[in-house]
Amino acid sequence: MSTAVDATTATSAAAIPYHVPHHVHRDVSGGWLRPAVFGAMDGLVSNFALMTGVAGGDVSTRTVVVTGLAGLAAGAFSMAAGEYTSVASQRELVEAELAVERTELHRHPEDELRELAALYVSRGVEPELAHEVARQLSADPEQALEIHAREELGVDPADLPSPVVAAASSFVSFALGALLPLLPYLLGAGTLWPAAVLALAGLFGCGAAVARVTARSWWYGGLRQLALGAAAGGVTFVLGALIGTAVG
């Protein structure tokens, strides 16, 4: 009787679909987040520092505005071009390595199968089971390529970063960051202080936002970025004042 009950229970348990806990991770591959964050920070800090340096030289408001606009345009295009070249080169390198792996899978499938099985064995899987898993996974050439790419190169062939996305993210984010210290001047301000206050507030906000994305303390991230940006602006203002005095 007990055996029959146990069999019935086992059958019922097998009939119940297994629930797989599900959770979502944030994007850590850096496809758009890294260039966007770096671009915004760089645009805000570099253009703020550039403008404070020029303002420290006791020039006209118009000169500061023209300098800020030139810094925005030059920096945004430079960031976009650099990010595009960097990501494109990285992608081309990965694609070249994938081509090598695809050729090896075609010419020496048994060697690649044994290589994959040995990898699983090194991670604690029993040799016979590791060989069987490798054999089943290698039945589909594209799946085999994806697995070898993940295991050997640490990349996902279907999720390579896009140079266009990286360049566009850098361009837009840098331009937005660089525009912030310019806004008070464009709205009629005649001194540096409104631009400095807005830029420093923006630095704190950006640092806090990045800290929230990376699950760190928002106030620490905000204060850290505020301190770095203020230091950059202060140093360039002093340099601008010294150079302006020497030239004058």
Side-chain angles (χ1 to χ4, degrees), residues 27-57 59-93 160-214 221-222 224-237 239-240 243:
D27 177 21
V28 296
S29 64
W32 65 269
L33 181 61
R34 182 184 65 84
V37 170
F38 181 73
M41 292 294 190
D42 192 29
L44 183 51
V45 174
S46 64
N47 216 34
F48 172 59
L50 176 64
M51 292 171 62
T52 55
V54 173
V59 299
S60 66
T61 300
R62 181 176 181 276
T63 301
V64 176
V65 173
V66 171
T67 300
L69 290 172
L72 185 156
F77 281 109
S78 176
M79 282 287 294
E83 197 66 35
Y84 182 91
T85 302
S86 173
V87 175
S89 300
Q90 178 187 3
R91 185 182 179 110
E92 289 164 0
L93 175 60
L160 298 180
S162 167
V164 174
V165 171
S169 298
S170 294
F171 183 92
V172 173
S173 59
F174 185 99
L176 291 175
L179 180 63
L180 200 59
L182 266 171
L183 280 178
Y185 283 103
L186 297 177
L187 295 176
T191 62
L192 179 65
W193 293 111
V197 170
L198 185 58
L200 293 176
L203 285 167
F204 181 86
C206 286
V210 171
R212 291 298 298 270
V213 170
T214 57
R224 180 177 62 180
Q225 196 60 40
L226 173 63
L228 293 173
V235 169
T236 54
F237 183 86
L239 290 175
I243 294 172

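Keep in mind that this is a model prediction, so the values were computed, not measured. Below, all heavy atoms of this structure are taken into account, side chains as well, without hydrogens, waters or symmetry copies.
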Working to the nearest 0.5 angstrom, can you tell me the gap between [X] [atom1] and [Y] [atom2]?
X: Thr85; Y: Gln90; atom1: OG1; atom2: CD; answer: 13.0 Å
X: Leu228; Y: Leu203; atom1: CG; atom2: CG; answer: 9.0 Å
X: Glu83; Y: Ser78; atom1: CD; atom2: OG; answer: 11.0 Å

Might you point out which heavy atoms bring [X] and [Y] nearest each other, and give the distance in Å?
X: Ala195; Y: Pro181; result: CB-O, 3.2 Å
X: Val65; Y: Leu182; result: O-CD2, 3.8 Å
X: Ala166; Y: Val87; result: CB-CG2, 3.6 Å
X: Leu198; Y: Leu183; result: CD2-CB, 4.1 Å

Set of side-chain contact (heavy atoms from CB on, under 4.5 Å) partners for [X], sequence neighbours left out:
X: Ala189; answer: Pro184, Pro194
X: Leu239; answer: Val235
X: Leu176; answer: Val172
X: Val164; answer: Tyr84, Ser162

Exercise answer: donor-acceptor pairs, residues 38-54 side-chain atoms, under 3.5 Å, sequence neighbours excluded:
| unit_1 | atom_1 | unit_2 | atom_2 | d |
| --- | --- | --- | --- | --- |
| Ser46 | OG | Asp42 | O | 2.5 |
| Asn47 | ND2 | Gly68 | O | 3.1 |
| Asn47 | ND2 | Ala178 | O | 2.9 |
| Thr52 | OG1 | Phe48 | O | 3.1 |
| Thr52 | OG1 | Ala49 | O | 2.8 |
| Thr52 | OG1 | Gly233 | O | 3.2 |
| Thr52 | OG1 | Thr236 | OG1 | 2.8 |

Practice prompt. Check whether any side-chain heavy atom of Leu192 lies under 4.5 Å from a side-chain heavy atom of Val64, and answer yes or no.
Written response: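 No, side chains not in contact.
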Item to complete: Could you tell me whether a side-chain N or O of Ser173 sits under 3.5 Å from a main-chain N or O of Ser169, the two making a donor and an acceptor?
Response: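 Looks like yes, one N/O pair under 3.5 Å.
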Fill in: Any pair counted as side-chain hydrogen bond (donor to acceptor under 3.5 Å, both in side chains), so long as it reaches residues 60-72, sequence neighbours left out
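Of all non-adjacent pairs touching residues 60-72, those that pass side-chain hydrogen bond (donor to acceptor under 3.5 Å, both in side chains) are Ser60-Thr63.
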